[in-house]
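What follows is a single structure, written as structure tokens, with notes after it.
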Protein chains: 2
Amino acid sequence: MKTDVAWMKNYLREYSIKPSTIRIKMLKYLMENKIHPTVDEIYHALLKDIPTLSKTSVYNTLDIFLKNGIVSLVTIEEKETRYDIDTSLHGHFKCESCGKVYDFHVNAENLKEEGIEDFDVLDKKIYYSGICEKCKNIKEE
Amino acid sequence: MKTDVAWMKNYLREYSIKPSTIRIKMLKYLMENKIHPTVDEIYHALLKDIPTLSKTSVYNTLDIFLKNGIVSLVTIEEKETRYDIDTSLHGHFKCESCGKVYDFHVNAENLKEEGIEDFDVLDKKIYYSGICEKCKNIKEE
DNA sequence: CTAAATGCAAACGGTTTGCAATGCT
DNA sequence: AGCATTGCAAACCGTTTGCATTTAG
């Protein structure tokens with residue numbers, strides 16, 4: 001994956017976001033760590049690289065990313081908001097045992113919705129939860 | 001809809017929940033107000049009837065309802081948790097204009113998931129958002 | 001009488017806000 | 001210099017917690 005600085009500066013500009021140090025590093029982190037991180041995770045990860053980083057800046061930057069469609073929100077029954085650099089339609093599965101959030105593909109074109117035919121649907125989210133394969137196997141041991 | 005006290009006492013017992021004044025009134029409220037209410041909405045609605053009611057009790061009771069499967073959580077990109085007395089699989093549509101949460105029917109059997117074939121899926125949630133028909137018409141006026 | 005249910009008040013923690021400091025051109 | 005970006009500290013608010021009080025069988 002292309003994640004050099006020049007490429008990311010351009011990427012940000014395509015989304016009408018002025019590239020700044022923090023914005024570039026946050027974009028890089030999100031692209032290289034597609035684990036649907038929380039604000040805290042992003043903050044602590046970047047703190048090693050940017051010792052003066054504040055959580056406020058992480059919030060600010062994520063707000064900008066959100067408004068400009070670079071990231072989307074993931075909120076599966078939890079208080080901490082998570083962020084996803086992949087804004088295309090896909091499902092999220094949260095393992096109740098290990099807490100990990102997995103992506104999965106869905107063929108939403110087969111999904112028929114009844115009752116909202118005349119609504120303007122701007123966003124769709126599909127959240128599953130349960131036990132992932134790894135945790136199932138651990139329990140069986 | 002049957003919502004007399006005797007019926008609801010029995011309903012709670014079926015879910016292994018001891019009927020108490022607050023539990024019965026909360027169940028009644030949830031059954032008669034399927035608006036996916038927040039804790040605050042439930043609290044203020046019942047306060048008229050139970051002047052000594054505390055939010056703690058609303059939280060406690062909802063926890064019991066949740067654990068016993070009488071209600072399910074609705075968390076569409078918002079901080080306030082909402083509760084749904086309908087625990088069957090259906091979609092939720094949140095209007096970004098008026099904030100109302102609508103239910104809609106989905107034929108999830110047509111939905112193919114790829115990537116989580118070996119996971120134990122215990123819960124599925126489908127959240128849409130956009131502009132509801134009413135708000136669309138208001139804007140057009 | 002006893003255990004469960006309810007309520008009060010404080011703490012908690014993620015997020016927001018106002019403003020000051022810093023950086024960039 | 002002037003404007004955008006970043007950071008600090010406090011406030012905010014929904015939720016949780018510990019414990020005291022009340023209720024019900």
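Labels below follow one simple rule: chain letters A, B, ... track the order of the sequence lines, proteins then strands, and each chain is numbered from 1. None of the values given here were measured: they were computed from a predicted structure.
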Whole-Å distance, B/I24 CD1 to C/dA5 P, equals 12 Å
Roughly how many Å is it from NZ in A/K55 to C1' in C/dG13, rounded to a whole number? 9 Å
Any side-chain heavy-atom pair from A/Y29 and A/L46 closer than 4.5 angstrom? yes
Is the backbone of B/P37 close enough, under 3.5 Å, to the side chain of B/R82 for a donor and an acceptor to pair up by distance? no
Return the SG to CD distance between B/C95 and B/E133, rounded to the nearest 0.5 Å. 11.0 Å
Mind checking if B/T38 touches a base, just sugar-phosphate, or nothing, with heavy atoms under 4.0 Å? nothing
Using a 4.0 Å heavy-atom cut-off across all strands, classify A/T52 as base, sugar-phosphate, or nothing. sugar-phosphate
From NZ of A/K9 across to C1' of C/dC24 the rounded distance in Å is 12 Å
By nearest nucleotide on DNA chain D, pick out whichever of A/I50 and B/T21 is the more 5' one. A/I50
Which is more 5' along DNA chain C, the nucleotide nearest B/R23 or the one nearest B/K79? Just name the residue. B/R23
Between C/dT15 (P) and A/L66 (CG): distance, integer Å: 12 Å
Please report, rounded to the nearest Å, how far the P atom of D/dT15 is from the OH atom of B/Y43. 14 Å
Whole Å only: how far is the CG atom of A/L47 from the P atom of D/dT6? 15 Å
Whole-Å distance, A/F65 CZ to D/dT5 P, equals 12 Å
Is there a side-chain polar atom (N or O) of A/Y59 under 4.0 Å from OP1 or OP2 of C/dT15? yes
Measure up the A/Y127 and A/H92 rings against each other and bin them: parallel (under 30°), tilted (30 to 60°), perpendicular (over 60°). tilted
Whole angstrom value for the distance that separates P of C/dA4 from CD1 of B/I17: 16 Å
Nearest to side-chain heavy atoms of A/S57, which nucleotide of D/dT16, D/dT6, C/dT17: D/dT6
For the side chain of B/T56, counting heavy atoms from C-beta on, which of C/dT15, C/dA9, D/dG7 is nearest? C/dA9
Give one of base, sugar-phosphate or nothing for B/K18, where a contact means two heavy atoms less than 4.0 Å apart. sugar-phosphate
Nearest to the B/T61 side chain among C/dT6, D/dA9, C/dG7, which nucleotide is it? C/dT6
Could a donor-acceptor pair under 3.5 angstrom be found where the side chain of B/S54 meets the base of C/dC8? no
Tell me, do A/N110 and B/L111 make a side-chain contact under 4.5 Å, heavy atoms counted? no
What nucleic acid atoms does B/S20 come within less than 4.0 Å of, heavy atoms only: base, sugar-phosphate, or nothing? sugar-phosphate
